[in-house]
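Worksheet: one structure, shown below.
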Amino acid sequence: MDYKFREIEKKWQDHWAEIKAYKVSNISEKPKCYVLDMFPYPSGAGLHVGHPLGYISSDIYSRYKRLKGFNVLHPMGYDAFGLPAEQYAIEHGIHPEISTENNINNFRAQLDKIGFSYDWDREVNTSKPEYYKWTQWIFLQLFNSWFNRSAKKAEPIATLVKIFETEGSTTINIFTAQQWIAFSEKEQQTILMNFRLAYCGIGEVNWCEALGTVLANDEVVNGVSERGGHPVVKKKLRQWYLRITEYADRLLEGLQTVDFSDAMKEMQTNWIGKSIGAEIQFEISNSKFRMTVYTTRPDTIFGVDFMVIAPELDWIHEVVSTEQKQAVEEYLIYVKSRSDRERQAEKKISGVFTGAYAVNPFDGREIPIWISEYVLAGYGTGAIMAVPCGDERDFKFANHFGIPITNILGDAFNGTEPNATKDAILTNSDFLNGMVLRDAIKVVVNKLEEMGIGTRKTNFRMRDAAFSRQRYWGEPFPITWQDGVAFPLGETELPLTLPKVESYSPGPEGEGPLANIPEWVAKELETNTMPGYAGSSWYFLRYMDPHNTDAFASRQATDYWNQVDLYIGGTEHAVGHLLYSRMWTKAMYDLGFIGFDEPFKKLLNQGMITGESAFANLIGVTFAKNLKVEFTEEDEKNYLEIKDKYTIIRGKYISSDLVEFLKTAYYKIDNEVEAAHMETRGKILSYLLEGLDADIKLSNLVGKIEMSPFPMTFVNYKIRVPIEYVNSKNELDYERLKLEIRQFINSDFLSQSGNFICSREIEKMSKSKLNVVNPNDIIEKYGADTFRMYEMFLGPVDQSKPWDTKGIEGVHRFLKKLWRLFYDDVKGKVWNDGKATQDELKILHRTIKKIEEDTERFSFNTAVSAFMVCVNDLADSKCNKKEILEQVLILLTPYAPHISEELWAALGNIGLVIDATFPKFEAKYVTESSKEYPISINGKVRANITISLDAEQAAVEQIVLANETVQKWLEGKAPKKIIFVKNRMINIVP
RNA sequence: GCCUUGGUGGUGGAAUUGGUAGACACGCAGGACUUAAAAUCCUGUUCGCCGCAAUGCGAGUGCGGGUUCGAUUCCCGCCUGAGGCACCA
């Protein structure tokens, strides 16, 4: 009887679905365990073999926990709102709801084939009104709250109003209680907006013209949009924001209570970017104006040689001198002309002197004030005190403009490079002389505070998160505008459903498509929609109680399931989703809706599965396009346009071995170089232009190249070819390629041996890179159990690794070998009721221990190996005993559920193996009563000795001491030290 | 430049963190069964040397040092891959 995995897997998947084997209840005596995957965005491309890596890991862990007696919540859903579906709608005219639905069905079909233990009754879809009703509701809670800095928590806005009514305000806005009461409704609302956790304001945002929307900071990478790579510019717009900066400190503190990787904590810490320093006020000569700078190094105050302010600051005009006015104006125009992109790409030193001087408060020295684009307006006060002897950028700036540098570091500063140390001893620093910089910080700040011109100040790099998009496919804001004041909709009016639209093009003045709908505008509803991360910031709560119509989830449910015990997903969400959901959780906690303030107890980052891409070398000749080159008819036919600027004529694909050959020809030494060079070029040229035989005479070629009437260069492009056309020896099946793919239909493939060799490169798996492997294909060929185990066997989950289908045979063989412990091709059933021997029990219990340990520490690859060892050992000892096999099946269930279920049933068990109990490890079967130990002297093995394990170290010492041979080895001396090494060796130190 | 991680056979990776390096698997080589193929099984496989033989000899975890009876593991200095941050004062 064969291992018919297709039949078996279908049968059990259907059965599990039918009886809802994975349905989980919120009421249970068992301890709970919440295992969560980062839910996918259902893209049109479907899943590739990289996606399920994390899903399989979490599935193994939740199945394992279930066997261990836990009530396990393991749900799945879809992050369905977002830009790509809308872009697709614009291009193809298909409503996002339809394409999303299709994609979800496709995802679901792929997921179902892998045999996951999700409770599908809890599926969520963020784009369904039943779901986003509660996204809107939570938004309203944020809108109706403020962050009380003294209590360090969010509170209902009503408490703030009460404070204003009784005490007035001394923070962001300054007014008395009487004034507050006298304010109009509109004035009051405008003030309150400055405090709300979700607020609307005018601000500089990242505007992406191509996408027609703003983007959050983490959605912009190197000045272009993360999705699509379109340019992003700064623009002032009315926007919704989340006041995440208020939570900066708590987001940092919270990191200490969660189990995230160091790298992840580091990334979040950097993103938040807390820095502790001071603000210092400087007087300006001949002006009443005072400037304030932010610095983390007040200790270097005597090393300040100039000030730099950001070009955007409006007080520039207050201080600029008449002589410098023109130069400053010119510089400001120059700065305006530079995009963010340019500023980031080329960091050139530029700046202009304002003609004004600040005064050092301690020694009265006059310090020139400069303007430069390297100082950012948005951070600190937008002005810095520059200390060139201690700061790289200040040093470069000083050198560039010839500003003299004061050395306050003594020998620690050599004049040629700045030194940012805090451990040097100060010189040229008046009352600080002789002090270590580190210690001087406090002294200076104290003095500044005393003088009333400085304060301690903490700054964060993180900004408030832009929370609105001028797009269609997102949650509508439950907000109406009346006379410029935002009013929340009432709870009974939720959900505010997304209306159908005819067109997805933007509305007037940078507004979203919703602004094109008259009824929408008539109701004065907000026309922006929420960003992609709104729905994903709280979805883990909805799984707890997904069908609740009275609340986002009942308090009883959130109290029971509590934090996510294990959260698995990629690192790419480090500063986006993971920060936002942490913030939402904290706010919900503060407002009393849930009982925990960190959502994820443990985070496991799965590594990327990379693909191997194949490339063929395309060699051709390029001409500058603006040159007039006459093409023959033949050339036109083979004309291939690679890039805008260049044209390749008669490009030919050259096998890698030929490329090597041509390269070596190029690199011949001495006077042969030039000749070889020419020869190489000549050969290529003749291939390409003349179609001649390569062995053309050298003299001819030299002439040809020199006589070339136009500038040309040889180019070697690497052209992707689909990986499935390349075999394991890197040979390309170009005949098939030419037949099946249009791009290559007229291409020539040249090689030395007749086998066309491609080069390979490891890159991210993606459709555009022609290197994706679809899990469906693998499952069709080997089955889901093999697929699951192989994904785990590839290597540690958190490490990125290349997908290589070759090795899958080994895992498949393992499952077949396991099958043969139960069924023989000839004899049929071979298992028996025999009593297990000591050796067989040893194999079993060793495996139990190993699987338990490895699963607990997420070392799934070594667990798979342990199964292989176990089955090899059982096969070697011809053990077909039911007693042993049954236990092995339970262990295997999380990893290969289908085959385990099938064989479990075959053994005549009643009930499912997924409901079995994880076997208990018993040491007595594994440990021995006595063992042979090697005795070594200084690590060199000299003899073996058998001792009882109870003997422990003392016994060993006696045995060894008594041994004449040992004494002889040591020349009669007593050993200095005897080391008993963990069940392994006895080492004697003479 | 800064931060975080890695570097082990032909390949993916073990070694549960100071104790017999290379488990397990792929690949490769040889063999058995077969008319043949597939499937399956067996043997070998870190490198080098000696040999009829082996429980033989030597080297070996990116490179160079150090601590230790003993180092893939700890310390110092380099080289290098990957990821993140990057005018944040």
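Any value given below was found using the heavy atoms of this structure, including those in side chains, with hydrogens, waters and symmetry copies removed. Residue numbering restarts at 1 for every chain, and letters A, B, ... go by the order of the sequence lines.
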**Prompt:** Considering only side-chain heavy atoms of A:Met868, which listed nucleotide, B:G13, B:A25, B:A89, is closest?
**Reply:** B:A25

Atom pairs under 3.5 Å, N or O on each side, protein against nucleotides 73-76 of chain B: can you list them with distances?
none

**Item:** Partners meeting side-chain contact (heavy atoms from CB on, under 4.5 Å) with A:Phe5 (sequence neighbours left out)
**Value:** A:Tyr3, A:Glu9, A:His812

**Asked** Just how far, in rounded Å, is P of B:G1 from OH of A:Tyr374?
**Response** 20 Å

**Message:** Categorize A:Pro796 for me: base, sugar-phosphate, or nothing, with a 4.0 angstrom heavy-atom threshold over every strand shown.
**Reply:** sugar-phosphate

**Ion pair check, A:Asp2 and A:Lys4, cut-off under 4.0 Å** = no

**Message:** Apply the syn/anti split at 90° from 0 to B:G9 and say which one it is.
**Reply:** syn

**Message:** What is the separation between atom CE on A:Met608 and atom C1' on B:G12, rounded to the nearest whole Å?
**Reply:** 17 Å

**Asked** In chain order, what residues pass the side-chain contact (heavy atoms from CB on, under 4.5 Å) check against A:Ala420, with sequence neighbours excluded?
**Response** none

**Request:** Using the test salt bridge (Lys or Arg N to Asp or Glu O under 4.0 Å), find all partners of A:Lys442 that sit at least two apart in sequence or belong to another chain.
**Result:** none

**Message:** Taking pairing as Watson-Crick or G-U wobble with both contacts under 3.5 Å, can you name the mate of B:G64, or confirm there isn't one?
**Reply:** B:C76

**Asked** Closest to the A:Ala263 side chain: B:A89, B:U4, B:G13?
**Response** B:U4

**Item:** For A:Glu809, all residues meeting side-chain contact (heavy atoms from CB on, under 4.5 Å), sequence neighbours excluded
**Value:** A:Tyr782, A:Arg813

**Prompt:** Counting any heavy atom closer than 4.0 Å, what does A:Lys850 reach on the DNA or RNA strands: base, sugar-phosphate only, or nothing?
**Reply:** nothing

Please list, for nucleotides 37-40 of chain B, all pairs of protein and nucleotide N/O atoms separated by less than 3.5 Å.
{"unit_1": "B:U40", "atom_1": "OP1", "unit_2": "A:Lys816", "atom_2": "NZ", "d": "3.4"}
{"unit_1": "B:U40", "atom_1": "O3'", "unit_2": "A:Arg820", "atom_2": "NH2", "d": "3.0"}

**Asked** In chain order, what residues pass the side-chain contact (heavy atoms from CB on, under 4.5 Å) check against A:Lys602, with sequence neighbours excluded?
**Response** A:Asp259, A:Leu566, A:Phe858

**Item:** side chain to side chain donor-acceptor pair (under 3.5 Å) partners of A:Arg290, counting only residues at least two apart
**Value:** A:Gln281, A:Glu283

**Message:** Only pairs with both distances under 3.5 Å count, Watson-Crick or wobble alike; so what is the partner of B:G58 in this structure?
**Reply:** B:C47

**Prompt:** Which nucleotide in the list B:G12, B:G84, B:C26 gets nearest to the side chain of A:Met267?
**Reply:** B:G84

**Asked** Counting just side-chain N and O atoms, does A:Asn872 come under 4.0 Å of either OP1 or OP2 of B:A25?
**Response** yes

**Asked** Sequence neighbours excluded, which residues qualify as salt bridge (Lys or Arg N to Asp or Glu O under 4.0 Å) partners of A:Asp824?
**Response** none

**Prompt:** Of all the nucleotides listed (B:C3, B:C85, B:G84), which has the minimum atom distance to the side chain of A:Arg461?
**Reply:** B:C85

**Fill in**
With sequence neighbours left out, the residues meeting side chain to side chain donor-acceptor pair (under 3.5 Å) with A:Thr245 are A:Asp464

**Asked** Among B:A89, B:A25, B:C85, which nucleotide sits nearest the side chain of A:Tyr379?
**Response** B:A89

**Fill in**
Pairing partner of B:G81, by Watson-Crick or G-U wobble and under 3.5 Å for both distances, is B:U5

**Complete:** Note: contacts of residues 852-861 of chain A with RNA chain B (heavy atom, under 4.0 Å) are A:Glu853, A:Arg857, A:Asn861

**Request:** Respond yes when some side-chain nitrogen or oxygen of A:Gln799 is under 4.0 Å from OP1 or OP2 of B:G12, and no when none is.
**Result:** no

**Message:** Is there a side-chain contact between A:Thr354 and A:Trp370 in this structure, where contact means two heavy atoms from C-beta onward sitting under 4.5 Å apart?
**Reply:** no

**Message:** For A:Arg846 and A:Asp873: C-alpha separation, side-chain torsions, deciding distance, then whether salt bridge (charged side-chain N to carboxylate O under 4.0 Å, His left out) applies.
**Reply:** CA-CA 11 Å; A:Arg846 215 180 45 206; A:Asp873 286 352; 2.7 Å; yes

**Asked** Taking only residues two or more places apart in sequence or in another chain, which ones pass salt bridge (Lys or Arg N to Asp or Glu O under 4.0 Å) with A:Asp423?
**Response** A:Arg438

**Rounded distance (Å) that lies between atom P of B:C85 and atom CE of A:Met462** = 15 Å

